[in-house]
2 protein chains.
Amino acid sequence: MLTPERHQTILKLLQDKKTVKMKELVEAANASESTIRRDLSYLEEQRKLRRVHGGASIKSAASEELSLQEKKTVHLAEKQAIAKYAASLVRDGDSIFLDAGSTTYEMIPYLSQKNVLVVTNGLSLLETLTGYDIETYVVGGRIKRKTRAVIGAHAVESLKHYRFDKSFLGINGVHPKEGFTTPDPEEAVVKKTALQLSGETFILADSSKFNEITFAKVADIREAGIISDAPDDILPIFKELTEVKVVTP
Amino acid sequence: MLTPERHQTILKLLQDKKTVKMKELVEAANASESTIRRDLSYLEEQRKLRRVHGGASIKSAASEELSLQEKKTVHLAEKQAIAKYAASLVRDGDSIFLDAGSTTYEMIPYLSQKNVLVVTNGLSLLETLTGYDIETYVVGGRIKRKTRAVIGAHAVESLKHYRFDKSFLGINGVHPKEGFTTPDPEEAVVKKTALQLSGETFILADSSKFNEITFAKVADIREAGIISDAPDDILPIFKELTEVKVVTP
DNA sequence: TTGTTTTTGATTGATTTTGATTGAAAAATG
DNA sequence: CATTTTTCAATCAAAATCAATCAAAAACAA
């Protein structure tokens with residue numbers, strides 16, 4: 001059996017069963033354990049599957065539609081590392097903007113000891129912010145159900161009531177030429193406005209966001225700092241353009 | 001059984017049963033207690049579940065809801081009767097303002113069949129409004145922790161982006177001479193602004209609110225209709241001043 | 001053919017996972 | 001509130017699995 005055929009066999013079996021044991025693969029592909037191991041390593045490298053002790057499992061993103069709760073736990077350790085560093089930049093007395101998103105959400109516990117004023121467009125953050133007794137302002141405007149973010153023209157107007165020492169934004173795409181991008185233009189304009197109202201802006205981006213381009217542009221790379229867990233090989237080009245802080249989970 | 005499969009089994013079982021005992025998990029996953037314990041620790045770390053003595057339970061978005069729910073059950077029948085009638089006043093295509101509060105909250109289910117646009121300063125209402133797929137706008141501004149309402153000067157500014165066919169306000173005091181009053185001036189000014197931006201305004205007031213006076217004035221009695229479950233003996237004087245609808249639970 | 005490169009499968013020592021055991025901690029009981 | 005029972009976390013040795021290595025087999029090139 002040729003290598004590509006073996007790979008197909010493995011992926012097909014995984015598709016059906018969600019998780020599959022080494023032994024099953026050895027039989028299905030009629031190859032040795034060593035060979036299957038090599039295949040699994042390769043396919044994991046290609047992001048086609050996830051290796052686990054004893055076999056392999058499909059990537060969880062493909063396995064099921066993620067609930068909001070689950071989305072929060074994808075790359076949780078990375079997000080927490082990013083969030084922790086981001087929060088460490090906040091000084092006592094700062095006014096900051098926290099974008100809607102799961103990484104900014106993780107910043108909240110680290111802010112609780114500081115005397116900060118937080119403005120946010122993320123409804124999911126409100127409960128936790130007020131729970132930690134942080135002085136909280138919410139941006140007004142239309143609610144986007146899927147992301148539980150406040151967006152649109154009213155949100156932009158509402159934001160202009162404030163000025164920020166620092167703002168912390170989530171993002172979908174980070175690209176050297178196309179800058180920071182996000183799929184929804186109405187979200188993009190909110191992020192852009194927050195950036196313009198801030199002394200400094202930091203983009204919180206896990207490694208999956210780099211060299212991606214999505215529909216709506218928020219800003220050029222030069223306009224904001226980047227905090228990320230991305231490995232060294234993809235970062236040098238960005239380091240030439242702006243401040244980049246790398247954190248490790 | 002591979003680790004991810006075991007995790008899925010555990011989560012699935014939990015999804016169905018809400019809480020699950022150690023023994024059940026051991027049997028369902030066909031693994032030792034130690035292994036299940038390790039799985040539970042991991043899944044709790046991942047925030048997929050909550051460990052409890054003797055097993056595990058689903059993350060309590062449900063239990064938080066409950067405590068809120070409990071608060072709402074004081075005079076629930078009365079509130080629901082008031083809310084149901086209030087909602088019946090809303091016409092297809094209306095833009096309405098819903099004040100923060102438990103009675104306005106009860107209006108939401110009755111609004112779900114109509115094509116309405118809702119603006120609110122009540123954070124507690126947002127989840128349910130968007131859950132019913134109602135087009136929702138949130139007022140921007142400072143969050144008052146105790147009542148989970150958006151208040152203050154920014155809220156007033158933010159409100160002025162909108163015009164309402166009808167608005168529905170909660171209140172603390174209803175008095176023939178002193179009008180509608182509420183303890184917090186910053187809440188009062190938000191209610192007052194909503195009233196001024198509305199074609200019609202309805203005050204939702206259970207019987208305990210009548211002939212009470214609190215600190216900050218919202219409006220004169222003449223400026224809004226009243227919907228209440230109050231008994232006949234205290235209402236005549238108000239009926240001379242404005243439209244009063246009496247509902248019975 | 002002959003030499004070279006690539007792929008494969010077996011081996012081995014290292015790593016990870018697992019289940020049993022233990023004393024400690026928490027709930028249940030009287 | 002003391003006692004009993006249950007559940008828990010920590011530890012450890014056994015089992016399973018893994019990555020690394022290397023030689024044989026296969027594919028390839030000259």
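Bear in mind the structure is a predicted one, so any value in this text is a computation, not a measurement. Just the heavy atoms: all of them, side chains too, but no hydrogens, waters or symmetry mates, feed the values below. Chain A is the first sequence line, chain B the second, and so forth, proteins listed ahead of strands; every chain is numbered from 1.
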Within this structure, what is the [atom1]-to-[atom2] distance between [X] and [N], rounded to whole angstrom?
{"X": "B:I36", "N": "D:dT7", "atom1": "CD1", "atom2": "C1'", "value": "15 Å"}
{"X": "B:E45", "N": "D:dA9", "atom1": "CD", "atom2": "P", "value": "13 Å"}
{"X": "B:M1", "N": "C:dG19", "atom1": "CE", "atom2": "C1'", "value": "16 Å"}
{"X": "B:H53", "N": "C:dA25", "atom1": "NE2", "atom2": "P", "value": "13 Å"}
{"X": "B:R6", "N": "C:dT18", "atom1": "CZ", "atom2": "C1'", "value": "9 Å"}
{"X": "A:M22", "N": "D:dT17", "atom1": "CE", "atom2": "P", "value": "9 Å"}
{"X": "B:E44", "N": "D:dC8", "atom1": "CD", "atom2": "P", "value": "11 Å"}
{"X": "A:K23", "N": "D:dC18", "atom1": "NZ", "atom2": "C1'", "value": "18 Å"}

Do we see a donor-acceptor contact under 3.5 Å between the side chains of [X] and [Y]?
{"X": "A:S167", "Y": "A:S198", "result": "yes"}
{"X": "A:T136", "Y": "B:R142", "result": "no"}
{"X": "B:T128", "Y": "B:Y105", "result": "yes"}
{"X": "A:Y162", "Y": "B:H154", "result": "yes"}

Can you say whether a donor on the side chain of A:R38 sits under 3.5 Å from an acceptor on the base of C:dG9, or the other way round?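 It does, because a donor-acceptor pair links the side chain of A:R38 to the base of C:dG9 below 3.5 Å.
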Any ion pair linking A:K144 and A:E187 (charged N to carboxylate O, less than 4.0 Å)?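 Result for this pair is yes, salt bridge flagged.
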Of the options [options], whose atoms approach the side-chain atoms of [X] most closely?
{"X": "B:T35", "options": "D:dC8, C:dT18, C:dG9", "result": "C:dT18"}
{"X": "A:S34", "options": "C:dT11, C:dT8, C:dA20", "result": "C:dT11"}
{"X": "A:R37", "options": "C:dT8, D:dT7, D:dC18", "result": "D:dC18"}
{"X": "A:R51", "options": "D:dA20, D:dC8, D:dA19", "result": "D:dA19"}

Mapping B:L2 and B:G55 to their closest nucleotides on DNA chain D, which lands nearer the 5' end?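 The residue closer to the strand's 5' end, by nearest nucleotide, is B:G55.
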Heavy atoms only, 4.0 Å cut-off, all strands: where does B:V52 land among base, sugar-phosphate and nothing?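 Sugar-phosphate: the residue B:V52, judged by heavy atoms under 4.0 Å, touches backbone atoms but no base.
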How is B:S41 classified with respect to the nucleic acid when contacts are heavy atoms under 4.0 Å: base, sugar-phosphate, or nothing?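 Since no nucleic acid heavy atom lies under 4.0 Å of B:S41, the category is nothing.
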